[in-house]
Amino acid sequence: MTEHPPAPRAAAIPERPSLEGLEEKWGTVWAQQGTYAFDREAALAGERAEVFSIDTPPPTASGSLHMGHVFSYTHTDCMARYKRMRGLRVFYPIGWDDNGLPTEKRVQNYYGVRGDASLPYDPGFEPPFRGNAKSTKAADEMPISRQNFIELCDELTVEDEKAFESLFRRLGFSLDWDISYRTVDDHSRATSQQAFLRNVARGEAYQSEAPGLWDVTFQTAVAQAELEARDYPGAYHRVAFHGTDGPVYIETTRPELIPSCVALIAHPDDERYHALIGSSVRTPLFDVEVPVLAHPSAEMDKGAGIAMCCTFGDLTDVLWWRELRLPTRSVVTRTGRLQSEVPPWLASSPGAALYAERLGGKTAFSARTALVEALRESGDLDGEPTPTQRKANFYERGEKPLEIVTTRQWYIRNGGRERELNARLVAQGREIEFHPAFMRSRYTNWVEGLNGDWLVSRQRFFGVPIPVWYPLDADGEPDHDHPILPAESDLPVDPAAQAPPGYTDDQRGVPGGFVGDPDVLDTWATSSLTPQIAGGWRGAGSGEPDPLFAKVFPMDLRPQAHDIIRTWLFATVVRAFHEHGTVPWTNAAISGWILDPDRKKMSKSKGNVVTPEDVVREHSADAVRYWAASGRLGTDAAYDVGQMKVGRRLAIKVLNASKFALSFGDVEGDLAAQVTDPLDRSVLAVLREVVERATAGFEAWDYTRSLEATETFFWTFCDDYLELVKDRAYGSRGEAAAASARATLRLALDVVLRLLAPVLPYVTEEVWSWTHEGSVHRASWPSVQELPDGGDPALLEAVGAALAVVRKAKSEAKVGMRAEVPTATLVAPARVLDLVRAAEADLRAAGRLTGRLEYAEGADGAEVAARDLELVPVAKPAR
RNA sequence: GGAUGUGUAGCUCAGCUGGUUAGAGCGUUCGCUUCACACGCGAGAGGCCGGGGGUUCGAGUCCCUCCACAUCCA
């Protein structure tokens with residue numbers, strides 16, 4: 001698929017080359033000509049090693065576009081372009097992650113609606129607003145059916161995707177737009193459900209009724225990976241429990257949970273409580289007898305050192321409940337309110353009336369107020385509550401602390417409970433090359449710190465339904481132990497809308513009939529399958545993968561940001577391990593974040609975000625890419641307009657210098673054979689080194705190093721080499737000497753354009769088109785072999801230094817560079833002088849050394865200097 | 001509290017396995033209509049390489065320690 005550079009043809013060079021319009025011009029050409037199209041047939045016929053496959057991060061289309069996208073997608077695109085030029089078939093799909101809460105929230109706000117599973121579908125439904133909903137309060141939202149809600153999600157995400165596509169195309173990302181998926185389309189849903197069913201069949205997915213974190217606002221279960229610990233204001237309440245030998249004081253931030261207290265726990269080494277352990281005390285107000293127990297995770301130095309264990313105040317309570325086999329006394333419901341009816345264990349207690357009248361049905365917050373009041377009245381509150389900041393668990397998108405409630409949910413084994421699986425998943429991390437390598441410790445730390453399996457049930461609307469039904473017994477109760485599963489060939493299914501195999505729709509909810517699992521899968525449960533979705537693992541649903549799958553999987557590259565190593569990266573590893581026993585990809589390239597000038601993460605709430613569209617329009621795509629490509633993998637980068645301006649100048653310089661280098665006349669025949677001048681041979685020798693460094697940079701996933709090497713060469717090429725040879729190239733010293741310069745200019749330019757092409761796709765394509773048929777992006781990556789051997793790299797440096805001293809003399813004399821130098825003596829070590837002499841004619845032309853030029857040997861190691869230098873300024877032309 | 005990373009010129013960053021006088025770009029200062037480019041060209045100034053200790057003939061680079069910042073996890 002890679003072409004060699006075609007024979008040069010007559011140049012068609014614009015009079016005044018410009019960046020304006022290049023993006024539209026080449027964007028159209030690339031799309032029309034399928035420049036970045038993946039050649040499926042060739043890939044099927046070829047070897048796996050000839051393919052470079054990329055597990056492109058599917059952006060959340062309903063999220064906002066930000067410079068972080070530009071940054072990390074540019075990194076990937078540079079690598080993709082390099083690999084393509086190296087002759088690999090680049091599999092570079094684009095996906096859209098339309099699952100989940102961000103989309104639901106955006107749809108709610110945009111249309112002013114809210115999903116309500118109890119409502120019937122309205123085929124002619126029109127939303128009350130379209131992007132102009134005035135209120136974001138839940139009470140003002142119109143309740144609509146699940147299916148209507150999903151339709152609106154579909155409608156809006158398609159719109160949102162257009163904004164991303166437009167920007168991504170403008171930035172020149174060499175994605176194959178014909179290979180695309182949405183995480184909610186039929187294929188993705190079927191793939192996700194198929195993988196889940198296979199997890200179920202192998203016992204890797206299971207249901208469990210267990211205490212879990214619950215967000216009362218969003219009414220959904222939350223996984224460990226979605227947790228966020230935040231400071232939350234609270235107060236310690238010193239409360240007396242009634243022991244046989246007097247009161248036992250505990251300090252709690254959640255006195256409203258006293259009704260659900262099941263034990264007091266102290267540390268086994270805490271001598272203050274040795275005597276109490278094994279005895280029992282009675283709870284205040286409710287007079288329930290609870291044991292005093294010992295457990296090492298009680299914190300001696302916190303509060304009173306003895307803690308109340310409830311059902312459930314926090315994750316430690318769950319640990320105690322499990323390890324000490326404590327009873328379950330749950331009062332907090334999924335709504336975050338205390339249950340209305342008096343719990344059975346309080347029924348005969350003196351506090352039953354208190355519960356019924358002042359606690360039942362209240363939110364945790366108001367129940368706390370009421371209970372503290374009651375404690376005051378009974379004298380069980382010691383002193384006044386003391387304010388404190390404590391860490392509380394939040395859902396990362398939620399605003400209220402999570403409650404812990406017992407629910408039936410699906411889980412996927414991820415090593416959080418089994419040591420062996422944990423060790424094997426840690427080992428999978430060592431099979432992946434992380435770039436940079438230290439990012440692997442983020443992975444390892446996370447996996448080793450897991451304390452539970454992956455909860456994948458979500459009580460949401462817009463997502464992939466859990467493909468499971470449950471039979472109903474004669475009493476209409478679901479039999480969770482015998483779930484009904486669909487055939488793989490029937491996927492995707494929606495258990496809320498379809499009947500399971502062997503049932504009819506009118507048996508839904510009827511005793512002896514069935515009920516569908518009401519939940520959807522965690523969004524990561526689908527996006528953890530992006531390699532399988534994009535690569536065609538499910539195939540046409542017949543059980544056989546698309547034959548392409550074997551040619552792209554395991555993929556070569558997963559690019560992503562470091563904040564989702566614990567979620568997206570890890571989840572993908574888990575799924576690939578369960579399904580294929582392999583890693584999902586062999587390389588993970590981790591991009592950093594974009595920081596504002598104050599070194600803070602740019603975010604909408606701080607008001608410091610800039611819109612990528614405007615930035616690209618202002619500076620050009622090549623310029624913005626240059627900025628992004630200057631940031632190395634794993635390193636946070638500053639948002640730096642200055643760096644974009646540098647990129648823009650480089651792009652313009654490429655246009656102008658190329659035009660100039662091609663302006664001396666055509667070249668024909670074997671160019672390398674025409675390079676005879678020592679200076680010309682020298683510049684190509686330097687370029688050979690640059691090719692080696694630029695290649696080594698990309699091979700080490702260090703495109704920045706590659707860019708820097710090429711860029712440095714290019715400026716020397718423009719400032720020194722071009723200046724030195726232009727007189728000769730015009731023909732001042734005969735045709736052979738001119739031909740050597742012209743051939744060198746052409747050879748160097750062709751190589752430099754290809755070295756810059758991954759970073760500056762537009763300007764390099766433009767210049768390439770002046771002298772070539774076909775795209776520079778389909779040309780071969782330059783090799784040392786295409787440049788003549790035998791030049792001395794030191795020659796260019798020596799002559800450059802000599803030219804610099806002449807320029808310095810002119811600059812210090814404040815005369816123009818055109819000033820003539822009738823006499824001068826160059827002082828330098830003998831070795832350097834020899835090199836300078838070899839290019840004396842070019843030096844004389846560039847420095848206007850018109851008369852006597854002498855050489856004096858200087859000390860070894862000394863720099864080039866000039867003495868006895870006379871200057872004749874150019875007479876100002878008469879006006 | 002633990003893990004990881006960062007700390008080099010006013011700013012953004014190079015400096016790989018220790019080796020001459022620490023580099024680049026931007027900015028700044030001083031110049032220059034030089035026939036590709038004034039979105040240009042040339043030249044200059046600017047650094048106790050976060051602090052302290054150690055290893056070494058030699059440390060920006062290796063080790064220890066402290067400080068500051070960032071991210072992730074408790």
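Each chain gets a letter, A, B and so on, in the order its sequence line appears, and its residues count up from 1. As the structure is a prediction and not an experimental result, all values here were calculated from the model.
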Participant: Taking the side chain of A/A638 as its heavy atoms from C-beta onward, which of B/G31, B/A74, B/U12 lies nearest to it?
Facilitator: B/U12
Participant: Check the pair A/W768, A/D750 against side chain to side chain donor-acceptor pair (under 3.5 Å), reporting the backbone distance first and the verdict last.
Facilitator: CA-CA 8 Å; A/W768 189 259; A/D750 275 12; over 6 Å; no
Participant: Side chains of A/T572 and A/W524: any donor to acceptor distance under 3.5 Å?
Facilitator: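 No, because no side-chain N or O of A/W524 sits under 3.5 Å from a partner of the opposite role on A/T572.
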Participant: By nearest atom, which of the nucleotides B/U71, B/C13, B/A43 is closest to the A/H562 side chain?
Facilitator: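 Within the option list, the nearest is B/U71.
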Participant: In a check of ring-ring contact (aromatic ring centres under 6.0 Å, His included) between A/H75 and each of A/Y703, A/Y82, A/W627, which one passes?
Facilitator: A/Y703
Participant: Could you please name the option among B/G42, B/C73, B/C13 that lies closest to any side-chain atom of A/W446?
Facilitator: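 Looking only at side-chain atoms, A/W446 lies closest to B/C73.
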Participant: So, is A/R442 near the phosphate of B/C73, with a side-chain N or O under 4.0 Å from OP1 or OP2?
Facilitator: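 Checking A/R442 against B/C73: no side-chain N or O falls below 4.0 Å of OP1 or OP2.
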Participant: Between B/A70, B/U12, B/C41, which nucleotide gets closest to the side-chain atoms of A/W715?
Facilitator: B/C41
Participant: Rounded off to whole Å, could you give me the NZ-to-P distance for the A/K726 and B/C35 pair?
Facilitator: 7 Å
Participant: How does each nucleotide of nucleotides 23-28 of chain B score, in 5' to 3' order, for protein heavy atoms under 4.0 Å: base (B), sugar-phosphate only (S), or none (-)?
Facilitator: --SSS-
Participant: Rounded to whole angstrom, note down the P distance from B/C49 over to B/A9.
Facilitator: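 B/C49 and B/A9 have their P atoms separated by 9 Å.
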Participant: Taking the side chain of A/N656 as its heavy atoms from C-beta onward, which of B/C37, B/A43, B/C35 lies nearest to it?
Facilitator: B/C37
Participant: Would you please classify the geometry between the A/F717 ring and the A/Y721 ring as parallel, tilted or perpendicular, with 30° and 60° separating the classes?
Facilitator: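 Judged by the thresholds at 30° and 60°, the geometry between A/Y721 and A/F717 is parallel.
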Participant: Between A/R705 and B/G15, is there a contact of a side-chain N or O with OP1 or OP2 at under 4.0 Å?
Facilitator: yes
Participant: Give the nucleotide from the list B/G42, B/G5, B/U12 with an atom nearest to the side chain of A/D719.
Facilitator: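 Output: B/G42.
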Participant: Is NZ or CZ of A/R632 both nearer than 6.0 Å to the six-membered ring centre of A/W701 and within 45° of the ring axis?
Facilitator: no
Participant: Where the side chain of A/R632 is defined as all heavy atoms beyond and including C-beta, which of B/G15, B/C37, B/C73 is the nearest nucleotide?
Facilitator: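 Side chain of A/R632 sits closest to B/G15.
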Participant: Give a yes/no on whether any side-chain N or O of A/Y639 is located under 4.0 angstrom from OP1 or OP2 of B/C11.
Facilitator: no
Participant: What nucleotide, of B/A43, B/U34, B/C13, holds the atom closest to the side chain of A/K808?
Facilitator: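 From the listed options, B/A43 comes nearest.
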Participant: Below 4.0 angstrom from OP1 or OP2 of B/A36, is there any side-chain N or O of A/K653?
Facilitator: no
Participant: Looking only at the aromatic ring of each residue, does the gap between the centers of A/F438 and A/F434 stay below 6.0 angstrom?
Facilitator: no
Participant: Using a strict cut-off of less than 4.0 Å between a Lys/Arg side-chain nitrogen and an Asp/Glu carboxylate oxygen, indicate whether A/R648 and A/E20 qualify as a salt bridge.
Facilitator: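 Yes, this pair counts.
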Participant: Do A/E723 and B/A36 have a side chain to base donor-acceptor pair shorter than 3.5 Å?
Facilitator: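 Donor-acceptor pair under 3.5 Å: yes.
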Participant: Considering only atom P, compute the distance from B/A14 to B/G5 and round it to an integer number of Å.
Facilitator: 15 Å
Participant: What's the closest nucleotide to the A/R807 side chain, out of B/C13, B/G42, B/C39?
Facilitator: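 So the side chain of A/R807 is nearest to B/G42.
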